[in-house]
Peer 1: 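Take this structure, written in structure tokens, and hold onto it; I'll ask about it next.
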Amino acid sequence: MAVTIKSEKQIALMREAGRLLAITHDELHKALKPGMTTLEIDRLGEEIIRDFGCVPNFKNYNGYPASICVSVNDEVVHGIPTSDRVLKEGDIVSLDAGLIYKGYHSDAARTWGIGTISNEAQRLIDVTRESFFKGISFAKEGNHLHEISAAIQDYVEGNGFSIVRDLVGHGIGTHLHEDPEVPNFRIKGRGIRLAAGMTLAIEPMVNAGGWQVACLDDDWTVVTEDGSLSAHYENTILITKDGCEILTMV
């Protein structure tokens with residue numbers, strides 16, 4: 001699949017897909033509390049998305065059984081919501097979600113603390129979020145893709161954390177995952193030249209310990225190999241002539 005340049009009409013649809021997903025994340029954040037199950041988060045997220053007249057794009061994607069990926073503590077991504085996983089004070093939880101609006105996808109992730117969390121856990125969340133913004137400072141027409149990647153890794157490692165190597169961001173549009181892949185770490189070569197109209201999902205995944213990860217027996221949940229905490233932050237962005245527009249923030 002070649003990298004696609006979106007038309008103004010397509011960008012307008014993706015903008016709305018992003019706006020509705022941003023609202024979904026805000027509503028989920030407000031609902032989070034100790035004692036809530038990860039399945040309750042998933043059901044609420046699906047309900048919000050469907051109330052918008054949209055479709056949760058994760059549900060049944062390659063067999064994934066839920067609408068919201070809910071990953072707790074040492075779970076990096078793709079945690080499967082269940083009725084017996086209960087959030088407790090001090091946990092951190094990553095919510096990865098997406099929706100389809102009139103054939104166009106949006107994708108975004110946020111990590112939140114439940115109640116009072118440790119200073120180190122909060123710093124992990126903050127550094128992960130800020131690494132996204134360091135990366136997208138290079139996201140503009142004429143720059144190269146891997147400038148984004150290098151900036152993310154440099155910021156994360158400069159703050160004493162590690163960047164996951166096994167998972168990457170991606171292009172997005174009429175499909176959830178399109179070309180190009182967007183690594184969060186340095187790559188040999190500069191990568192493609194960015195052009196206005198490209199839409200990308202940039203998503204640093206950051207571990208408090210080592211970068212190595214493993215997949216659980218459910219074939220979905222990715223965890224840190226050393227049991228350390230992990231955080232995830234993602235937005236869908238549009239490359240413009242002057243920089244980029246974040247589509248999944250309101």
Side-chain angles (χ1 to χ4, degrees), residues 16-101 104-115 117 121 125 128-129 164 167 169-170 172 175-177 201 203-206 213-224 229-236 247-250:
E16 183 62 5
R19 186 183 76 85
L20 295 174
L21 183 56
I23 295 169
T24 302
H25 268 295
D26 284 348
E27 292 301 314
L28 289 173
H29 182 210
K30 288 177 197 168
L32 289 176
K33 61 182 187 294
M36 192 177 199
T37 70
T38 57
L39 185 61
E40 287 174 316
I41 297 169
D42 177 60
R43 286 179 173 163
L44 175 59
E46 180 169 352
E47 181 183 318
I48 294 166
I49 289 168
R50 293 197 186 279
D51 281 350
F52 286 137
C54 297
V55 176
N57 51 11
F58 290 5
K59 192 153 195 178
N60 302 317
Y61 183 82
N62 292 337
Y64 184 76
S67 298
I68 314 292
C69 295
V70 186
S71 306
V72 183
N73 294 335
D74 66 330
E75 296 170 354
V76 182
V77 285
H78 305 157
I80 297 175
T82 64
S83 59
D84 55 5
R85 188 69 187 270
V86 180
L87 299 180
K88 62 184 188 300
E89 184 93 10
D91 284 342
I92 67 170
V93 59
S94 297
L95 307 180
D96 191 359
L99 58 79
I100 307 169
Y101 172 79
Y104 284 83
H105 290 255
S106 55
D107 188 5
R110 306 282 188 265
T111 302
W112 305 109
I114 303 300
I117 63 173
I125 292 171
T128 302
R129 183 180 188 278
V164 173
L167 301 148
H170 51 90
I172 186 170
H175 296 81
L176 175 57
H177 293 108
E203 52 176 321
M205 290 151 271
V206 178
V213 298
C215 192
L216 298 185
D217 291 342
D218 62 17
D219 290 331
W220 278 105
T221 309
V222 177
V223 298
T224 58
L229 293 178
S230 187
H232 184 198
Y233 187 82
E234 174 185 22
N235 282 301
T236 299
L247 303 181
T248 44
M249 292 182 81
V250 287

Peer 1: Side chains of S94 and S71: any donor to acceptor distance under 3.5 Å?
Peer 2: no

Peer 1: Whether the side chain of D42 engages the backbone of S67 through a donor-acceptor N/O pair (distance < 3.5 Å, no angle test) should be reported.
Peer 2: yes

Peer 1: Can any side-chain N or O of E75 pair as donor or acceptor with the backbone N or O of V72 at less than 3.5 Å?
Peer 2: yes

Peer 1: Got a second to check how far L247's CG is from T236's OG1, nearest 0.5 Å?
Peer 2: 6.5 Å

Peer 1: Give a yes or no answer on whether the side chain of D218 reaches the backbone of T221 with a donor-acceptor pair at less than 3.5 Å.
Peer 2: yes

Peer 1: If you measure from CG on L95 to CG on L32, what distance do you get to the nearest 0.5 Å?
Peer 2: 5.5 Å

Peer 1: Grab the two heavy atoms, one from T111 and one from I125, that are nearest each other, plus how far apart they are.
Peer 2: O-CG2, 3.5 Å

Peer 1: List the atom of A31, the atom of M36, and the distance in Å for their closest heavy-atom pair.
Peer 2: O-SD, 3.4 Å

Peer 1: Once you round to the nearest 0.5 Å, how far does OG1 of T24 lie from CG of D51?
Peer 2: 9.5 Å

Peer 1: Against E234, only a single residue in T128, V77, D107 fulfils side-chain contact (heavy atoms from CB on, under 4.5 Å); can you say which?
Peer 2: D107

Peer 1: If you take all heavy atoms of A22 and V250, which pair is closest and at what distance?
Peer 2: CB-CG1, 3.7 Å

Peer 1: Looking only at non-hydrogen atoms, find the nearest pair between N235 and M249 and report the distance.
Peer 2: OD1-CG, 3.7 Å

Peer 1: Treating N57 as the side-chain partner and S106 as the backbone partner, does any N or O pair qualify as donor plus acceptor under 3.5 Å?
Peer 2: yes

Peer 1: Under a 4.0 Å threshold between the charged nitrogen and the carboxylate oxygen, would R43 count as salt-bridged to E40?
Peer 2: no

Peer 1: What residues form a side chain to side chain donor-acceptor pair (under 3.5 Å) with D96, not counting sequence neighbours?
Peer 2: none

Peer 1: Which heavy atom of R110 sits nearest to which heavy atom of T248, and what is that distance?
Peer 2: NH2-O, 3.0 Å

Peer 1: Between H232 (side chain only) and V206 (backbone N and O only), is there a donor and an acceptor less than 3.5 Å apart?
Peer 2: no

Peer 1: Mind checking whether H29 and W112 have parallel, tilted or perpendicular rings, split at 30° and 60°?
Peer 2: parallel

Peer 1: Can you tell me how far apart CG (N73) and CG (D91) are? Round to the nearest 0.5 Å.
Peer 2: 4.5 Å

Peer 1: Out of curiosity, E27 CD to H25 NE2, how far, rounded to the nearest 0.5 Å?
Peer 2: 12.5 Å

Peer 1: Would you name the heavy atoms of P81 and V70 that are closest together and state the gap between them?
Peer 2: CG-CG2, 3.9 Å

Peer 1: Starting at CG of L99, measure out to CD of E16 and round the result to the nearest 0.5 Å.
Peer 2: 9.5 Å

